[in-house]
**Q** 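Questions regarding the structure given below will be posed in turn.
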Amino acid sequence: MNEESDVSVFDPERIETRVQTLWSERDCFRVTEDPEREKFYCLCMFPYPSGKMHMGHARNYTLGDVVARYKRMRGFNVLQPMGWDAFGMPAENAAIKNNVPPAQWTYSNIDHMRTQLQRFGFAYDWSREVTTCRPEYYRWEQWLFTRLYEKGLAYQKVAAVNWCPVDQTVLANEQVEDGRCWRCDTVVERKELRQWFLRITDYADELLAELDNLTEWPEAVRTMQRNWIGRSEGLELEFAVDGHDPLHVYTTRPDTLMGVTYLAVAAQHPLAAAAAKDQPDLAAFVDECSRVQAAEAAQETLEKRGQPLGIEATHPISGEKIPVLVANFVLMEYGTGAVMAVPAHDQRDFEFATRYGLEIRPVIEPLDGGDIDLSDGAWVERGRLVNSGEFDGLDFDGAFEAIARRFEENGRGRRRVNYRLRDWGVSRQRYWGAPIPMINCARCGTVPVPDADLPVVLPEDVAFEGVGSPIKTDPTWRQTTCPRCGEPAERETDTFDTFMESSWYFARYACPDNDSAMLDARSDYWMNVDQYIGGVEHAILHLLYARFFQKLMRDVGLTKTAEPFARLMTQGMVLKDGVKMSKNKGNVVDPQPMIERYGADTVRLFMMSDAPPDQSFEWSDAGVEGAHRFVRKLWRAACRMTTLKTADVASNAGDRAALHRLLHKTIDKVTDDIDRRMTFNTAIAALRELSNAAFRRLDALGAAAAADDVVQLRETFDVLVRLFQPFIPHTSQALYEILGHDGLVMDAPWPLADAGAMVEEERELVVQVNGKLRARLTVAADADKAALETAALGDANVQKFIGEKAVRKVIVVPGKLVNIVV
RNA sequence: GCCCGGGUGGCGGAAUUGGUAGACGCAGCGGACUUAAAAUCCGCCGGCCGCGAGGCCGUGCCGGUUCAAGUCCGGCCCCGGGCACCA
C-alpha cells in the first residue's frame with residue numbers, strides 16, 4: 001500500500017484542504033434569518049489589519065469558533081461574522097516608512113489576513129464581511145453623528161492635546177515617550193483645540209444601572225466599568241474669593257467642611273491663570289504643569305507639588321480666610337477643577353499639607369469614641385463631627401443633610417451627582433479616519449452635512465508626508481458650499497476616533513448590504529450578540545463605547561436592543577517565555593508557519609488545551625508538538641478501529657460498564673465545560689482521558705473481539721469525533737467519514753449524557769482525623785451516614801491516630817469524607 | 001498614583017459550592033521494540049524521612065476564622081492589564 005492511498009497516514013495539509021473545499025462548496029457557514037429557529041450570534045472582536053495574524057488573533061478566533069461550532073451542533077441558527085477595524089494610526093506610520101498610501105497598505109493587509117483566517121477553517125459567514133474604512137460603512141456613522149448633533153448629543157468644546165512644537169503635529173499618548181516626541185525627542189506641550197464630543201455623560205446612569213443586568217459578564221469587567229463611570233453624590237459649594245469670581249468646589253465629604261484649611265485649583269483653572277498674570281514665578285509653575293502630557297497616569301504619578309496663588313478665599317460657614325493654591329494633582333477634567341482640602345481626613349490633602357506646612361484640623365472622630373491618630377496619615381473613615389460648631393455630634397448622613405440644606409437655603413451650593421466619566425472626545429487631527437461630516441460657514445456657523453450629501457468621502461489616493469493630514473494640507477478638499485445659505489464654506493478636516501467604527505460594527509453585520517439605512521429588521525433578529533469574545537485590554541473603553549452606541553442607535557429609533565453583548569468572555573494575553581509576545585523582545589511566534597507544519601487543527605487544539613481562555617496563555621513549541629502527537633494518535637486509532645473484526649471470543653462486562661460510565665461522564669463534563677464554564681482546557685483534558693481509555697481498549701482487544709465490545713468501541717469513537725468537532729473540525733470531519741457517516745459532522749447532533757449511565761456503585765471515602773488524611777476506603781455509593789462513620793472508625797490506621805483520645809465530634813459529608821475530631 | 005486581575009511541582013495548568021492538592025499535558029528519568037535512529041509502547045516523576053507500612057512538610061509572605069483553607073477575612077510583597085489620542 002502506498003502512502004497516497006493509505007488513509008491511516010495522517011496528512012493534515014491534505015485533509016484540511018479537502019474538508020475546507022467541502023465546506024465552501026456547500027457554502028455551509030452562510031446564514032439567513034429564520035424566525036422558526038433559535039438564533040445564536042457568536043462574535044469575536046474584529047482585528048485591526050496590521051499586516052498579518054498574530055497569536056492573539058489565533059487564540060481569540062479559535063475561542064469563538066469553538067463556541068460557534070458547538071452551538072451549531074446544539075441546533076442553533078449560528079451567525080459568526082468577520083470584518084476589519086481598518087482605520088488607525090499604524091497605517092499612517094507604515095505610509096511614512098514605506099511611502100505607500102494608508103489605504104493601499106490597509107487593503108493589501110486585509111487580503112493577506114483574510115487568506116490566513118481562512119486557512120484556520122473558522123466557520124465565518126464571509127458574505128457579511130465589513131470593512132470600516134469603506135464609505136459604504138462609515139457613511140452611516142456620519143449619518144448617525146449628524147442625528148446626534150441635531151439632538152444636542154454632539155457638541156464642540158476646547159480640549160487639550162499633546163503637541164510637538166517642532167513637528168507641528170498632534171501626538172497620541174502612545175507617541176509620547178517620557179514626555180518627549182517619539183520622532184524628534186522634543187519636549188511635548190499641551191495645546192488647546194476646539195474638538196467634537198459626544199455626551200456619554202447623559203447616559204452615565206443608564207450605563208451604570210444596566211451593568212447589574214449583565215450577569216453573564218465577568219464580574220471584574222463590570223466592576224471596572226462601575227469604577228470608570230464613578231458615580232458619586234456630593235455637594236457643589238461656593239467659596240467667595242477676594243477680588244475674583246467665587247470658586248466652586250465639588251466634595252463627597254461635606255461632613256468635613258469645617259476641617260478645610262486650604263483650597264487647591266488645577267493649573268488650567270482660570271483663577272490660576274488670573275493670579276499668574278502678575279507673578280512670574282507662579283506663571284512659571286503653571287507653565288511647567290501644563291507641559292505634562294495629557295495622559296492621566298502621567299499626571300497622577302507626579303510628585304505632588306503646589307504653589308500659593310497669593311489669593312484668599314472665605315470659608316462659607318466660619319468666615320475664616322483660607323489660602324488658595326495651585327496644585328498639580330488637581331485635574332481640570334474632574335468636578336470643577338478645584339477642590340477643598342481637608343488634610344485631617346484625606347490622605348492626599350494630608351501629604352500635601354505636611355509638605356507645605358499647611359494647617360491640619362481634625363473635625364471627625366470615630367463613632368465609638370476614642371481619639372484619631374494623625375501622626376502618620378489622615379483618618380479617612382466616616383464618623384461623628386467635632387470642632388464643627390453647630391454641626392458637632394452629627395454623623396455623616398446627618399451632616400450631609402444639614403450642610404446641604406444650609407447651602408441650598410442661601411443659594412451658595414447644591415446637591416450634585418458627579419461622574420468620573422467624561423464626555424467622549426471623538427475628534428482626531430489625523431488623516432486615516434472617517435471625516436467628521438460638518439461644515440463651517442462664516443454666515444450660518446456649524447452646519448451638518450445633509451443626508452443626501454453623505455458620505456463625506458476620505459480621498460484614498462494621497463501622498464502621505466507624515467506631518468499633517470492630507471485633507472488638512474490640501475487647499476481644495478475642504479472647500480464646499482454651505483448647505484443652508486449656498487455660500488462658500490469649509491469642511492471639518494478632523495476625523496473620527498477609530499473607537500467610533502468599532503462601536504456599532506456588531507449590529508451592522510446583520511445587514512451589511514443595506515445602502516438605504518444604518519440598520520434594518522435583520523438586526524432585530526440577530527441582536528444582541530449572544531457571545532462576545534476579545535482581549536481583556538478592551539474591558540473599559542471599547543465595551544463602554546459600544547454599549548453607549550447601542551443606546552444611541554436605540555434612541556434614534558434604529559433598534560429596540562439596549563445592550564449589545566449578552567455574554568462576554570475576555571481572553572488573556574498570549575505569552576512566550578513568561579512575557580508578552582512583542583517585536584521588541586524578539587519572542588513573537590508567527591501562527592502561519594505553525595499551521596504549515598502541523599495543520600490548523602493541531603494549532604487550534606494546543607491553544608485551547610493549555611490554559612483557560614481568561615488567563616494568559618503561554619506558547620510552547622513542545623506543547624504544540626504534544627498536541628500534534630495526540631491528533632495523529634486519534635487518527636490512527638480511529639482508522640484501526642474500523643478494521644476491528646467481530647469474533648466469537650470472551651468479553652468482559654465489567655470493562656464495558658467502566659467504559660460506558662466514563663463515556664457518559666465525559667459527555668457531561670465536556671458539555672458543561674464548553675457551554676457553562678467556557679474552560680476549554682479542562683474539556684480537552686477530559687476528552688484526552690476518554691481517548692486514552694479508548695486507545696487502551698483497542699490495544700487490549702487486538703484484531704478481533706466480541707460483538708458487544710466492537711459495538712461499544714465504535715460508539716465511543718463516534719462520540720469522540722463529535723465532541724472533538726469544535727476543536728479540530730477538519731480532522732473530525734474526515735474521521736466522521738472514515739467511520740462511515742455521510743454529510744457533515746457539524747450538522748450531527750451533539751451527544752447527550754445519560755444520567756443513569758453515570759451512576760457509580762462504589763465510591764472512595766476519605767477519612768481524616770483532625771483534618772488530616774488517614775485512610776481511603778471503598779464504600780457503597782448509597783451508604784448512609786452511620787455506615788460511613790462505622791466504616792471510617794473501623795480502619796486500623798484511623799484507630800492508630802485516635803489512640804487513647806476521646807472522639808469529640810464526627811463530621812460526615814456523604815459521598816466525600818469523614819472527619820473525626822479527637 | 002488610582003481601578004481590575006494573577007501568584008499552586010522542573011514547566012503550562014487541574015482542584016466548579018470551604019471537604020482527597022498536583023487531573024490533563026510538556027520536559028526529564030528508566031525500560032521495551034530496532035543493526036541503529038526516528039516513530040511507537042510501558043513504567044516512574046513536589047520535597048524530606050523510612051526496607052516497608054507509613055510519617056512530616058508543602059499552593060508568594062505574615063496573621064486570623066473553621067472540624068477542615070489553594071479556596072473565606074485582615075495586612076504586605078511581586079507580576080500583568082487599564083487610565084480616556086495604541087487598537
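In the text below, chain A, chain B and the rest are named by the order of the sequence lines, each starting its count at 1. Source: prediction; values computed, not measured.
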**Q** Tell me whether the rings of A:Y61 and A:H57 are parallel (<30°), tilted (30 to 60°) or perpendicular (>60°).
**A** parallel
**Q** Whom does B:C26 pair with, Watson-Crick or G-U wobble, provided both distances fall under 3.5 Å?
**A** B:G10
**Q** Taking the C1' atom in each of B:U17 and B:A27, what is the distance between them to the nearest angstrom?
**A** 35 Å
**Q** For the pair A:Y48 and A:W105, name the ring-plane relationship: parallel under 30°, tilted 30 to 60°, perpendicular over 60°.
**A** tilted
**Q** Would you please confirm or rule out a distance under 4.0 Å between OP1 or OP2 of B:C85 and any side-chain N or O of A:R428?
**A** yes
**Q** Distance check needed: B:G82 C1' versus A:R226 CZ, whole Å only.
**A** 17 Å
**Q** In whole angstrom, what separates A:L331's CG from B:A84's P?
**A** 11 Å
**Q** Quote, to the nearest angstrom, the P distance that separates B:A21 from B:G28.
**A** 30 Å
**Q** With rounding to the nearest 0.5 angstrom, report the CG to CE distance, A:D668 to A:M758.
**A** 3.5 Å
**Q** Whom does B:G80 pair with, Watson-Crick or G-U wobble, provided both distances fall under 3.5 Å?
**A** B:C4
**Q** Of the options B:C85, B:C86, B:A14, whose atoms approach the side-chain atoms of A:M89 most closely?
**A** B:C86
**Q** Using heavy atoms to find the nearest nucleotide of RNA chain B for A:T498 and A:T223 separately, return the residue whose nucleotide is more 5′.
**A** A:T223
**Q** Looking at A:R422, does any N or O in its side chain come under 4.0 Å of the phosphate oxygens OP1/OP2 on B:C85?
**A** no
**Q** Taking 4.0 angstrom as the limit, do A:E296 and A:R422 come out as a salt bridge?
**A** yes
**Q** If you measure from the C1' atom in B:C48 to the same atom in B:C41, how many Å do you get, rounded?
**A** 34 Å
**Q** Is the shortest side-chain N to carboxylate O distance from A:E303 to A:R355 below 4.0 Å?
**A** yes
**Q** Could you check which of B:G19, B:C85, B:A23 has an atom nearest any side-chain atom of A:D497?
**A** B:C85
**Q** Are OP1 or OP2 of B:A27 and a side-chain N or O of A:R629 less than 4.0 angstrom apart?
**A** yes
**Q** Using atom P in both nucleotides, what's the gap between B:G6 and B:G18 to the nearest angstrom?
**A** 15 Å
**Q** Can you tell me whether the side chain of A:Q768 and the base of B:U20 have a donor-acceptor pair closer than 3.5 Å?
**A** no
**Q** Grab the NE2-P distance between A:H542 and B:A84 for me, whole Å please.
**A** 18 Å
**Q** Tell me: NZ of A:K816 to C1' of B:C67, nearest whole Å?
**A** 17 Å
**Q** Could a donor-acceptor pair under 3.5 angstrom be found where the side chain of A:E625 meets the base of B:C26?
**A** no
**Q** Within less than 4.0 Å of OP1 or OP2 of B:C41, is there a side-chain N or O belonging to A:K633?
**A** yes
**Q** Between A:N173 and B:A84, is there a contact of a side-chain N or O with OP1 or OP2 at under 4.0 Å?
**A** yes
**Q** Which part of the nucleic acid, if any, lies within reach of A:F801 when heavy atoms closer than 4.0 Å are counted: base, sugar-phosphate only, or nothing?
**A** sugar-phosphate
**Q** Name the nucleic acid region contacted by A:N692, choosing base, sugar-phosphate or nothing; use a 4.0 angstrom heavy-atom cut-off, strictly under.
**A** sugar-phosphate
**Q** What do you reckon, are the aromatic ring centroids of A:F87 and A:F496 less than 6.0 Å apart?
**A** no
**Q** Taking the side chain of A:E618 as heavy atoms from C-beta outward, which of B:G12, B:A87, B:C86 is closest to it?
**A** B:G12
**Q** So A:L421, base contact, sugar-phosphate only, or nothing? Heavy-atom distance under 4.0 Å.
**A** base
**Q** How close or far is atom P of B:C79 from atom CE of A:M573, stated in whole angstroms?
**A** 17 Å
**Q** Counting only side-chain N and O atoms of A:R774, is one of them less than 4.0 Å from OP1 or OP2 of B:G55?
**A** yes
**Q** Between B:G5, B:A27, B:C83, which nucleotide has the shortest distance from any of its atoms to the side chain of A:E296?
**A** B:C83
**Q** Choosing from B:G13, B:A23, B:U16, which nucleotide comes nearest the side chain of A:E689?
**A** B:A23
**Q** Can you tell me, in whole Å, how much space there is between the P of B:A23 and that of B:A14?
**A** 12 Å
**Q** Mind checking who B:C56 pairs with, Watson-Crick or G-U wobble, both distances under 3.5 Å?
**A** B:G47
**Q** On RNA chain B, does the nearest nucleotide to A:A172 precede the nearest nucleotide to A:D614 from the 5' side, or the other way round? Give the residue.
**A** A:D614
**Q** Just checking A:A295: base, sugar-phosphate only, or nothing, at a heavy-atom cut-off of under 4.0 Å?
**A** sugar-phosphate
**Q** Given that both distances must come in under 3.5 Å, which nucleotide forms a Watson-Crick or G-U wobble pair with B:A39?
**A** none
**Q** What's the closest nucleotide to the side chain of A:A685 if the choices are B:A23, B:U20, B:A87?
**A** B:A23
**Q** Determine whether the side chains of A:D423 and A:Y155 contain a donor N or O and an acceptor N or O closer than 3.5 Å.
**A** yes
**Q** With no angle test and no hydrogens, is the base of B:C83 tied to the side chain of A:Q299 by a donor-acceptor pair under 3.5 Å?
**A** no
**Q** Between B:C2 atom P and A:D346 atom CG, what is the distance in whole Å?
**A** 12 Å
**Q** Between A:N770 and B:A68, is there a side-chain N or O to OP1/OP2 distance below 4.0 Å?
**A** no
**Q** Whole Å only: how far is the CH2 atom of A:W424 from the C1' atom of B:C83?
**A** 17 Å
**Q** Are any of A:K772's side-chain N or O atoms less than 4.0 Å away from OP1 or OP2 of B:G19?
**A** no
**Q** Output yes when at least one side-chain N/O atom of A:N681 is less than 4.0 Å from OP1 or OP2 of B:A14, else no.
**A** yes
**Q** Sub-3.5 Å donor-acceptor pair from the side chain of A:N797 to the main-chain atoms of A:R774, do we have one?
**A** yes
**Q** Choose from B:A15, B:G1, B:U20 the nucleotide whose nearest atom is closest to any side-chain atom of A:T682.
**A** B:A15
**Q** Is any side-chain N or O of A:Q571 closer than 4.0 Å to OP1 or OP2 of B:G5?
**A** no
**Q** What's the gap between B:G13 and B:G1 when it is taken at their C1' atoms, as a whole Å value?
**A** 34 Å
**Q** For B:U65 and B:C72, measure between their C1' atoms and round to the nearest Å.
**A** 8 Å
**Q** Of the nucleotides B:G13, B:C4, B:A84, which has the atom closest to the A:S616 side chain?
**A** B:G13
**Q** Less than 4.0 angstrom between a side-chain N/O of A:N819 and OP1 or OP2 of B:U20, yes or no?
**A** no
**Q** Using only heavy-atom distances, determine whether the side chains of A:T682 and A:D673 contain a donor-acceptor pair under 3.5 Å.
**A** yes
**Q** Using only modelled atom types and a 3.5 angstrom limit, is any donor from either the side chain of A:R430 or the base of B:C85 paired with an acceptor on the other?
**A** yes
**Q** Given B:A84, B:C4, B:A14, identify the nucleotide with an atom nearest to the side chain of A:Y545.
**A** B:A84
**Q** From the options B:C26, B:C4, B:C83, select the nucleotide whose nearest atom is closest to the side chain of A:A622.
**A** B:C26
**Q** Between atom CG in A:L302 and atom P in B:C2, what is the gap in whole Å?
**A** 14 Å
**Q** Could you label the plane-to-plane angle of the A:Y505 and A:Y532 rings as parallel, tilted or perpendicular, counting under 30° as parallel and over 60° as perpendicular?
**A** tilted
**Q** Which whole number of Å gives the distance between the P atom of B:G81 and that of B:G10?
**A** 26 Å
